[in-house]
S.K.: 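Can you keep this structure in mind? I'll have questions shortly.
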Amino acid sequence: MMSPILAILKKDLTALFTNSMFYLLTGICCCLWGLFFSFELYAFVQKSYQLSTQVQQGGLNIHQHLVSSYIVIVHYILVFIIAALSIRFFAEEKKLNTFPVLLTSPITSWQIVFAKWLVGASLIFFLLFISAIFPLSLLTFMSLPIKLFLYSYFGVFVVLCVYMSAGLLASSLTESLIVCVVLSLMFNICLLLMGVGRELTDSLIFQELFGFLAIDQHFATFRKGIFSFSSIVYLLSLSGLFGLMTERVVEYHRWR
Amino acid sequence: MIEVKSLSKRFGKHWAVKNTTWSVEDNRLLGLLGPNGAGKSTTMKIMTGLLCSSEGQVLIDGYDILTHPIEAKRRIGYLPETPPLYEELKVVDFFDFVCGIKSVDSSQRSRQIDQAIEKMSLQEVAFKPIRVLSKGFKQRVGIGQTLIGEPSILILDEPSVGLDPHQVVELRNIIKGLKKDHVIVLSTHVLSEVEQICDDVVILDKGEVKIQGTLQELKTGGRSLEDVFIEVTR
């Protein structure tokens, strides 16, 4: 049961980690995160200094005023990076004609899709780990609310899994690498804008419905360091829905 | 054993395969012949579960490829027209990956990989990335991956396309060597190749079986296979 999934996971991760393009993208991410983290840190230090001169009680909350805003930047950059890397899931397999190896092996479409999902999740985990180095470096000279930090990072991981699953679907729909990236970006932008529906209706019920469906609402909860079980269930269900659609598309290849 | 029963495949309004019925017994090598667009590759894709049939069924050692795909696929090794190779992987790593997706027991893996490397004479390139190999070696790696999982049936779609004459002879000898342990279905345009290695022949044209039988049966009356092919596909 697990052997084919692990084999695909190992093969895809090996291929990814030996690909120079992946290191180039990771390098670009690191530069951007480093740059934005420096800006955020500078702004945080400025605000803290102003507060200390105004003889106010208590300092600035580091999670709220530094880590949380940094996570938003990490999230937005990764939405684009995931769209670019989604070509590796299926589009490249189809383009390089390696897809028949998977489709003619004694494995189910579910196992193929789940293995690819795990590849994407591992990739997100790796990139988030790299991004966490910047805020964690602060630990050398000050304390961080680690619990809030971990909850926020876990939340952004789950949110990014939804975007990655949308990329999985986009990748299964085409063998053109460019079309795959464009489709993946379109799906991700639609997911980002789901909350706009809230503003377009006067009905309280629909406002609440759109509020719950909007990923940004759940993301905002996680950013505050709040562990929301219902948000996790909703986001994993959404990711599962994309997985289900991907499985149907993979199966459709046989029936076309 | 492979049994193809009343098999049909339609793409829109076009029938790529029309009501074909034939079978191959154990330890036989069947040549699937036909002009371009005859339905050979489509038939092979249906036999391996890559495509679903519109009508009819394919039984692999008694298992229907549509209703029992996992059991049927366990018994098949398939080489498509273009070998499906992960070019960034080394040959041994690629074979190890195929062991994984075919759920080969970990205690059997190294033996099966060594066997595939030995049978395909890949010793000198086993630790090289596939992308640096010549076309002939890539084709051998492609056939090597079909042997992983020790399937009883090999389905090879035009394995000698694009090879030079030396490589074609080498490949022919390799396929001959595989015949004693497997049922082999081979599609090719090279009639001399069929005459040298095949036991049975099915000639398809416009999706239909035009003639089938053993090589000897087809060549009765002093006719060559080429004469028969030209006559039935005219």
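A note on names: the letters A, B, ... follow the listed sequences, proteins ahead of strands, and every chain is numbered from 1.
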S.K.: Would you say OH of Y23(A) has more than 12 non-hydrogen atoms from neighbouring residues, nucleotides or ligands within 6.0 angstrom?
M.R.: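 Buried by this count: over 12 neighbours within 6.0 Å.
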
S.K.: Check the pair L96(A), E87(B) against side chain to side chain contact (heavy atoms under 4.5 Å, CB included), reporting the backbone distance first and the verdict last.
M.R.: CA-CA 9 Å; L96(A) 300 175; E87(B) 303 229 335; over 6 Å; no

S.K.: Identify which part of L89(B) has an atom lying under 4.5 Å from any heavy atom of chain A, answering side chain, backbone, both or neither.
M.R.: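 Interface part for L89(B): side chain.
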
S.K.: Just wondering, are more than 12 heavy atoms of other shown residues or ligands nearer than 6.0 Å to NZ in K10(A)?
M.R.: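 No - once you tally the heavy atoms of other residues, nucleotides and ligands closer than 6.0 Å, there are 12 at most.
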
S.K.: Does NZ belonging to K94(A) count more than 12 external heavy atoms closer than 6.0 Å?
M.R.: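 Result for NZ/K94(A): enclosed.
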
S.K.: With distance as the sole test, does N97(A) use its side chain to make a donor-acceptor pair with the main-chain N or O of P83(B) at under 3.5 Å?
M.R.: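 No, because the side chain of N97(A) does not come within donor-acceptor range (under 3.5 Å) of the backbone of P83(B).
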
S.K.: For the candidates T82(B), L85(B), I65(B), I46(B), which exhibits the highest count of non-hydrogen atom pairs separated by less than 4.5 Å from chain A?
M.R.: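 Counting heavy-atom pairs under 4.5 Å, the top option is T82(B).
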
S.K.: More than 12 non-hydrogen atoms from neighbouring residues, nucleotides or ligands closer than 6.0 Å to CZ on F129(A), yes or no?
M.R.: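 Result for CZ/F129(A): open.
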
S.K.: Which heavy atom of P80(B) sits nearest a heavy atom of P100(A), and at what distance?
M.R.: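 Residues P80(B) and P100(A), closest heavy atoms: CG-CB, 4.2 Å.
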
S.K.: Could you tell me whether Q123(B) atom CD has more than 12 heavy atoms of other residues or ligands within 6.0 Å of it?
M.R.: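 Result for CD/Q123(B): enclosed.
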
S.K.: Against chain A, label L79(B) side chain, backbone, both or neither, depending on which of its atoms sit under 4.5 Å from a heavy atom there.
M.R.: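 Neither part; nothing is under 4.5 Å.
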
S.K.: How about I178(A): does its CD1 atom have over 12 heavy atoms from other parts shown lying under 6.0 Å from it?
M.R.: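 Open: at most 12 neighbouring heavy atoms sit under 6.0 Å from CD1 of I178(A).
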
S.K.: First locate atom OH of Y86(B), then atom CD of E93(A), and finally report the distance between them rounded to the nearest 0.5 Å.
M.R.: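 Those atoms lie 3.5 Å apart.
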
S.K.: What do you reckon, is NZ of K147(A) surrounded by more than 12 foreign heavy atoms closer than 6.0 Å?
M.R.: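 Not more than 12 within 6.0 Å, no.
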
S.K.: Report yes if some heavy atom in the side chain of P4(A) is under 4.5 Å from a heavy atom in the side chain of S103(B); otherwise report no.
M.R.: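 Of all side-chain heavy-atom pairs linking S103(B) with P4(A), at least one is under 4.5 Å.
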
S.K.: Which atoms of P69(B) come close to chain A, meaning under 4.5 Å heavy atom to heavy atom: side chain ones, backbone ones, both, or neither?
M.R.: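 Neither part; nothing is under 4.5 Å.
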
S.K.: Heavy-atom cut-off 4.5 Å, strictly under: side chain, backbone, both or neither for D96(B) against chain A?
M.R.: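 Side chain only.
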
S.K.: Would you say CZ of F80(A) has more than 12 non-hydrogen atoms from neighbouring residues, nucleotides or ligands within 6.0 angstrom?
M.R.: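 No.
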
S.K.: Side chain from CB out, backbone as N, CA, C, O: work out which of these in F97(B) comes under 4.5 Å of a heavy atom of chain A, or both, or neither.
M.R.: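 For F97(B), backbone and side chain are both near chain A.
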
S.K.: Test T104(A) against I76(B) for side chain to side chain contact (heavy atoms under 4.5 Å, CB included), laying out the working first.
M.R.: CA-CA 8 Å; T104(A) 59; I76(B) 296 173; over 6 Å; no

S.K.: With a 4.5 Å heavy-atom cut-off, do S105(A) and K73(B) have their side chains touching?
M.R.: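 The answer is no; the side chains never approach within 4.5 Å.
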
S.K.: Are any non-hydrogen side-chain atoms of I101(B) and I8(A) less than 4.5 angstrom apart?
M.R.: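 I101(B) vs I8(A): side chains touch.
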
